[in-house]
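This one's a predicted model, so the numbers in the text were calculated from it and none came from an experiment. To find a chain, count down the sequence lines: A is the first, B the second, and so on, and within it residues start at 1.
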Amino acid sequence: AKKRFFNLYNNFKENIKEVADNLLKGDIQIELENPDDPLNSEFVIKASPFGKRVRAIALLSGGERALLALSIIFALHQVSPVPFCVLDEVDAALDDANTLRFVEFIKKLSYSTQLFIITHNKRTMESGDILYGVSMEDGISRVFSLRLEEIS
Amino acid sequence: AKKRFFNLYNNFKENIKEVADNLLKGDIQIELENPDDPLNSEFVIKASPFGKRVRAIALLSGGERALLALSIIFALHQVSPVPFCVLDEVDAALDDANTLRFVEFIKKLSYSTQLFIITHNKRTMESGDILYGVSMEDGISRVFSLRLEEIS
Amino acid sequence: MRIKKLELRGFKSFPNKTEIVISPRITIVVGPNGCGKTNIFEGILFALGEKRAENLRGNAWQDLIFSGNDKMSRSGTAEVAIVLEENDEEFEIRRKIYRDGRVENYINGEYISHVKWNDRIYEIFPQGKGYALFKNEDIERIIMDAPKVLKELIHSAA
Amino acid sequence: MRIKKLELRGFKSFPNKTEIVISPRITIVVGPNGCGKTNIFEGILFALGEKRAENLRGNAWQDLIFSGNDKMSRSGTAEVAIVLEENDEEFEIRRKIYRDGRVENYINGEYISHVKWNDRIYEIFPQGKGYALFKNEDIERIIMDAPKVLKELIHSAA
Ligand SMILES: Nc1ncnc2c1ncn2[C@@H]1O[C@H](COP(=O)(O)OP(=O)(O)OP(=O)(O)O)[C@@H](O)[C@H]1O
Ligand SMILES: Nc1ncnc2c1ncn2[C@@H]1O[C@H](COP(=O)(O)OP(=O)(O)OP(=O)(O)O)[C@@H](O)[C@H]1O
Ligand SMILES: [Mg+2]
Ligand SMILES: [Mg+2]
């Protein structure tokens, strides 16, 4: 049992390292709070963007936290895949460079996982193959198909 | 005392109505929870964008909540002014149209109140008269003066 | 397993029947503040078995029924349906809210008890939906809960 | 009353002395994620009398001192100063954090007790700073607290 645990544990550490390299551009470290009692120990997560020594999650910026959350989600997804993922404005705090990384990432992910994404962000918008616009008139919402040419 | 209370109370209701018209494009209603005991009563806030009948604050969208919060802040400011206002990415949830309203509003406000605004939004950026860019290298932040021509 | 389409009728700001075809890969939804995008997100959450109206910004289930205005009267019920495809076979899950707050569940048009229905949803999402559907406001919660979630996940998989 | 400039030295990601001139009207700060913008915001909060390190994303005051890395060693202290102008007269408020967690306050270079210093800040912000300095994450709190804050404000002004 201990062997199986460490197998999955190390596997996950590798998953999240890879996601962190590409998305957060930083290190995400998973540790056991109590290494002498691994099967009962709580987990500890530390993260720091490349070039920064600070590891406490509390010190991360708004955009860095968004990327950390996404890295956690996507790494969990590799361990325990779900058929589809629905995201509502999760890219709101990302700057231009990080938005591009996020878009690259979801494009790769979409080969194995269906994605339904609500966004205000033009870059994210451009990654879609079906595009819908929603409008409201007199308190009633309507949905329209959109073509990408009209938007960019 | 009751007279003074109602004076300020009605005054505030007018303040926030004016802000709501321009910023939220909606109604913000302030009511007394207990109209028979006004001096001890709690306050109740209801809001609904124009054209929508729903008044419960819980049902407002992300962007509508941001505008409601800003309307409250700016209406409070008219009752009890502060010399300066520091805002950190409060425009993150606003769409293009609402960002323009927000920018118009802060331009007016800046005649009587100093504003220091952190943003990722290009429209908001354009409203500034002093512009700073922050960058980080090797974990060290540096601040640079920027000219608006370089950005747009 | 994939979603083929989503249907909303009488749900929040969608009084009229609205059908949204879902791409096998990436579907994008855009629009101004307050137009109804998160309402669509909440429609999906609801269809997939959300147990508490509070998580969909309602105080009670009936708050999720289109409340009506000058142009259109209040809806009698709110319905959300999702058509899923698994092993080349389509099936539809549907939930309906009545004005008295009752919620009924259907699979392929057939009424089904809450318990049986939850089992079916659990087959689609064995780890729970918390990590497949999330919005901007969930980011802090995801970071804070991650150590516990991770421990549970690794132990249950081991 | 207006702010003329802000100075940071050894505070969070600003080990070098950084002077930021503040516009009489609108000053804008931009930059990529994680570059230090909110750190500047927290510097202003700190200078204006923030009482808890936790509100500035530190567990203790000394966490707010530049922690050092391969390129530059940890700072000995963190300092933030604000130069204010009132009735054509300039005065400077400054706060300093030491590695042992001690915080010292100065007005115009003169050491001053926390109590006297709080009184001075209170003159600038009689209603408290909660409604003059806020970030995106505060939006929910502002909406939730508004009924109480409003009641207090109207009653104290009446
Ligand atoms: N039961 C209901 N009946 C009618 N309208 C409703 C109902 N519930 C919510 N609404 C309306 O839906 C709107 C909110 O929509 P939603 O939260 O989906 O916006 P959004 O597109 O996500 O906007 P944002 O970009 O600001 O997040 C509100 O204006 C509210 O009035
Ligand atoms: N005591 C410290 N010493 C050194 N670096 C620190 C210290 N405290 C915080 N930092 C660094 O400051 C960075 C966070 O900066 P900040 O929160 O100001 O970013 P930001 O510009 O607001 O970004 P965003 O646009 O994502 O909100 C973190 O990467 C963290 O490593
Ligand atoms: Mg929304
Ligand atoms: Mg920030």
[X] portion near chain C, given a 4.5 angstrom heavy-atom threshold:
{"X": "A:Ile30", "result": "side chain"}
{"X": "A:Phe5", "result": "both"}
{"X": "A:Thr119", "result": "both"}

Is any side-chain N of the basic residue among C:Lys151 and A:Glu42 closer than 4.0 Å to the acidic one's carboxylate O? yes

Identify which part of [X] has an atom lying under 4.5 Å from any heavy atom of chain A, answering side chain, backbone, both or neither.
{"X": "C:Lys71", "result": "side chain"}
{"X": "C:Leu84", "result": "side chain"}
{"X": "C:Glu137", "result": "neither"}
{"X": "C:Thr18", "result": "side chain"}
{"X": "C:Met1", "result": "both"}
{"X": "C:Asp138", "result": "neither"}

For each of A:Ile118, A:Thr124, A:Leu32, A:Leu68, tally heavy-atom pairs with chain C at distances under 4.5 Å, and name the one with the top tally. A:Ile118

Look at A:Arg4, A:Arg65, A:Gln114 and state which one has the largest set of heavy-atom pairs under 4.5 Å with chain C. A:Gln114

Sidechain-backbone polar pair: A:Asp88 side chain, C:Thr38 backbone, donor-acceptor under 3.5 Å: no

Looking at A:Leu39, is its backbone amide N or carbonyl O close enough to the side chain of C:His155 to form a donor-acceptor pair, meaning the two atoms are under 3.5 Å apart? yes

Among C:Val21, C:Ile44, C:Asn69, C:Asp70, which residue has the highest count of heavy-atom pairs closer than 4.5 Å to chain A? C:Val21

Are C:Arg25 and A:Tyr111 in a cation-pi setup, meaning NZ or CZ lies under 6.0 angstrom from the ring centre and within 45 degrees of the ring axis? yes

